[in-house]
Amino acid sequence: MKKYLALKASAGSGKTFALTVRYITLLLKGANPKEILTLTFTNKAANEMSERIYNTLLSLGEDKAYLSAIITQSGFSEEKIFEKKDYLIDLFSNATLSIFTIDKFINKILREFSGYAGVNDDFEIKEDDIEKISSKFLKSLDLENFDKLIDFSLFENKKYNSLFEIFKNIFEKGEDIETVNIDLSLIELQKKEALDEALKIKEFILSCEVASNSAKKAVDYENFEELISKKWLEKESAQDYSYFKKCSNDLLEKYFQKTKEEVGNYYKLRSAFSLSRLFELYKLFKAYKRRYNSSKNYLHFDDISNICYELLSSKIDKEFLYFRLDSNFSHILIDEFQDTSLLQYKILKPLIEEILSSTDFKTFFYVGDTKQSIYRFRGGKRELFDYVLKTNDMINVEVLNTNYRSCEEVVNFVNKSFNSLPFYEYYDQLAIHQDGYVEVYEDEALLDDDKFVNLAKKISELMQKGVNSNDIAILTYTNDDVLNIYSYLKRMFPSLKISTEMTSKLINQENVKAVINAIKYLYFKEDIYKENLNAIIGKEPKSSFEYETDLKYKSVQEVILKIADYLEITDDNIIKFIELASSYKNIVDFIYEVDNLDASIENSEKIGLQILTIFKSKGLEFHTVLLLDRVKQKVPNRNSLLFEYDDVNLKNIYYKIGGLDNYSQEYKEALQKEKTLEFEDELNILYVALTRARKNMIVFKKKEKSVFDLLSLKEFSSGEIIASENKSKNYEKTKKVVYIPKQIGKQEKPLNIQDNNETYTLHAKYFGIATHYCLEMMNEFDENSLLLAINLVENRFSIYLNKEDIQKIKTRVSKLVSNEEFISLIQNGTFSKEQSLFYKDELKIIDLLVEKDGKYYIFDYKTTKDELQEHIEQVNFYKEAIKSIVSSDEVYSYIIYLNENNIKLKKV
DNA sequence: CAGTATGACATTTTT
DNA sequence: TGTCATACTG
């Protein structure tokens, strides 16, 4: 095993495999899980990582690929590894793991050193309410600074809101600059100077007899602003401008050059002024925000990394950090390194350096693929990958170029598309799977009104050729496209199950929005809310909304439910909204706080054809991919600031001004650099999109203005469509715990929400999921398995549940495994957990299914106290389903109520 | 026909 | 706020 290694892992080349092998090798070589710091970007990835390691340990030896890789890496013999297997499983499942997201890790550091950073260690993490902070900030300013802000805002013609956007942008970067004081009147003077010169040109042209109308129109300026909007100012000399050509002489050229010089001086002054003033105001804002955060005892994610970095760079030295951190990390593994931001890297740097300079057994490893860096807009810095290599010559680099994901046709197509691009680092990949199908289809419909006809046709064609709809994923550029395709396909194929993965805010979902407006109307009696409501639910404008209720005396949850039922719009999103609404104490709280609710919408069906954005698809793979061109054109980047970096060092910050590039060479170069990076982003998105398919890929290309023109794709097809392996109409896609929302709205029995029944809280939901997860992860129903499983639960659910909850789960499950009736029922049977079944058009998941002597036993776990009729109905449904599937009457079912004090087995 | 002016147009998102 | 298509100009 290389002690220090950077791994360039193209899409599908076995990145997670390499990480897992390395982790297990470290364990074999005697490392403790706690000291192996493994960093990922999302919680999902962190969970998957620990599960993958755990599962690989459990089946160590069964998978030859893993085994031989581990043998090679560790240098241990097969026997030696088997010998250690049980010990490793035990070690891993009982240890505190250090597998986190980068953000969580930085958060951890800050909490440990909170005293030095001047923050409380129990701060909350949440989104900023920029509107509130900015208005309070304005009020906090003294007259002089307030004037400065107003002046700046007027001068740059910026709204206050966009000013705070810029502050946020600076804050994310965590950069700072020196400011200089330039008087605004100086700029006004310079403007006049330039205008005076330009008026000479005007006079000259107007008195030139041969001047064309266009030439006269080109000098129709009265003030400075009109002057600089003229295109001819960008020319090198006056005669380069065709409308001036006829009048051109030395005198005009003299005026022209002088005007250009004065305008150039204006730009220099203005950019220096604007940048300085902006940072001056930013510093005030930052200081104010610190005070505000500390008074409210909360921080934003950006605050955390910002403060943490300040702490490390000024207040404490790295030795101190290293020795004070509650765990010493001897090994670091970083996943998706190309997405690391500069700030994050700077925070990790001392830890990495300590490892690199140590003579002990300490290792450093990072994997990534700069071609898959598509998150630059939120800070990801791909240059870091090579920079770290370049600046630390002990680090080795390896490249993974075998593709284990896609079939030959797909791999070859991607190779062909990317390897001839100049300035794009690409190594050809080698496919291990044969065959496959690739098609580039020039879709004329994409430019018409009926955009998705051909997409729909292709889908039905694929399904006829034996591709299961579950195996198809449609990838798009925007969330908007996802929605449009979803509703189009729903219309065309009403019975087709479609799942969309979108992150859109719950409060923006139509039904939820309708209820919010209805409640606001009832509270404020302002017509605007009623009209909003009418528009959303499709009623005529001015329709009345009559609803008798007493907002004050009912719980917020009850009000939402009643109104949603009244409007007949109760759905999954409304139910989630009701669950979340428990956090509002009363209706007034709700009215004023609801707009800040940050939760996301419930995604539709959990099974079926998938539609998602390319960004969302990163890290995933699909049997068949339909890739859609960018439907609408790309928008330009609207940041007001331009950060120019040399590798990873900040070179300059510019305040973006249109036209400045004509007068400042360095600004022009910085703009050019930014453009190159944006171009790379665009190619990277294409790379991610084209590497998701395992078997079949169909590209829908626009006839004109297609993004695929970057790769010069032409109409093309190669190979044969590969049918799905699983032919059943809707089969399980994941073995994950699926939460089915409780149908609160449809219950017969009136709800008793006021007594704060825990059944309906999110917390209870996670408690239930965690309990199910614990039971799912147990290999055997005994205490030993429970210990292992509870550890996994802790690692996975510690965000949602506290120690007591975990203990409660442990107690409950422990009661179950010592329950004689239960044990005797399952003894000597073969059992399958989380068995999904599809029956009468419904997908259900059975918690535990046991087969014994030709008899079947169904078990369903419940963590609620209440024994509801619907539980019985649900289990009866399972029973019917199993009976019909196995064609036997010997099916028995039980509901297991996992109560705190006792276990109840209820035969149904 | 080449150069110029003008108006319409639009993203991605975790912690 | 940059890009693109389109109309206009000489």
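Naming: A, B, ... by sequence-line order, numbering from 1 per chain.
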Among all residues two or more places apart in sequence or in another chain, which pass the side chain to side chain contact (heavy atoms under 4.5 Å, CB included) test with [X]?
| X | answer |
| --- | --- |
| A:S214 | A:S212, A:Y243 |
| A:K260 | A:L233, A:F256, A:Y663 |
| A:N293 | A:D128, A:K289, A:Y298, A:L299, A:D303 |

**Request:** Using a cut-off of strictly less than 4.0 Å, decide whether A:K126 has a side-chain nitrogen or oxygen near OP1 or OP2 of B:dT15.
**Result:**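 No, because none of the side-chain N or O atoms of A:K126 sits under 4.0 Å from OP1 or OP2 of B:dT15.
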
**Message:** On the nucleotide B:dT13, are OP1 or OP2 found under 4.0 Å from the side-chain N or O atoms that A:T613 carries?
**Reply:**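 Yes.
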
**Request:** Walking along DNA chain C from 5' to 3', note the first and the last nucleotide with an atom under 4.0 Å from a heavy atom of chain A, and give both.
**Result:**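 Nucleotide range with atoms under 4.0 Å of chain A: C:dT1 to C:dG10.
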
Any residue meeting salt bridge (charged side-chain N to carboxylate O under 4.0 Å, His left out) with [X], in chain and number order, not counting sequence neighbours:
| X | result |
| --- | --- |
| A:E225 | A:K191 |
| A:K15 | A:D335, A:E336 |
| A:D443 | none |

**Message:** Need to verify one output field. Residue with the more 5' nearest nucleotide on DNA chain B, A:F377 or A:T42?
**Reply:**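 On the 5' side of the pair lies A:F377.
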
**Prompt:** Quick one: are the ring centres of A:Y366 and A:Y345 less than 6.0 Å apart?
**Reply:**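 No, the ring of A:Y366 stays outside the 6.0 Å limit from the ring of A:Y345, centre to centre.
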
**Request:** Any pair with a residue in residues 676-689 of chain A that passes salt bridge (charged side-chain N to carboxylate O under 4.0 Å, His left out), sequence neighbours left out, goes on the list, sorted by first then second residue, please.
**Result:**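 Every salt bridge (charged side-chain N to carboxylate O under 4.0 Å, His left out) pair that includes a residue of residues 676-689 of chain A, provided the two are not neighbours, is A:R376-A:D681, A:R382-A:E680, A:R382-A:D681, A:R630-A:E682, A:K634-A:E682.
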
**Request:** Measure from the side chain of A:D103, starting at C-beta and using heavy atoms only, and say which of B:dT13, B:dT15, B:dT11 lies closest.
**Result:**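 Closest of the options to the side chain of A:D103: B:dT15.
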
**Prompt:** Of all the choices, B:dG3, B:dA10, B:dT15, which nucleotide is nearest to the side chain of A:Y243 once you look at every atom?
**Reply:**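 My answer, after comparing the listed nucleotides, is B:dG3.
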
**Asked** B:dT11 and C:dC4: how far apart are their P atoms, nearest whole angstrom?
**Response**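 Comparing P positions in B:dT11 and C:dC4 gives a spacing of 15 Å.
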
Is there any protein nitrogen or oxygen under 3.5 Å from a nitrogen or oxygen in nucleotides 6-9 of chain B, and what are the pairs?
from	atom 1	to	atom 2	distance (Å)
B:dT6	OP1	A:K217	NZ	3.0

**Request:** Mind checking A:D302 for me? I need base, sugar-phosphate or nothing, with any heavy atom below 4.0 Å counting as a touch.
**Result:**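 Since no nucleic acid heavy atom lies under 4.0 Å of A:D302, the category is nothing.
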
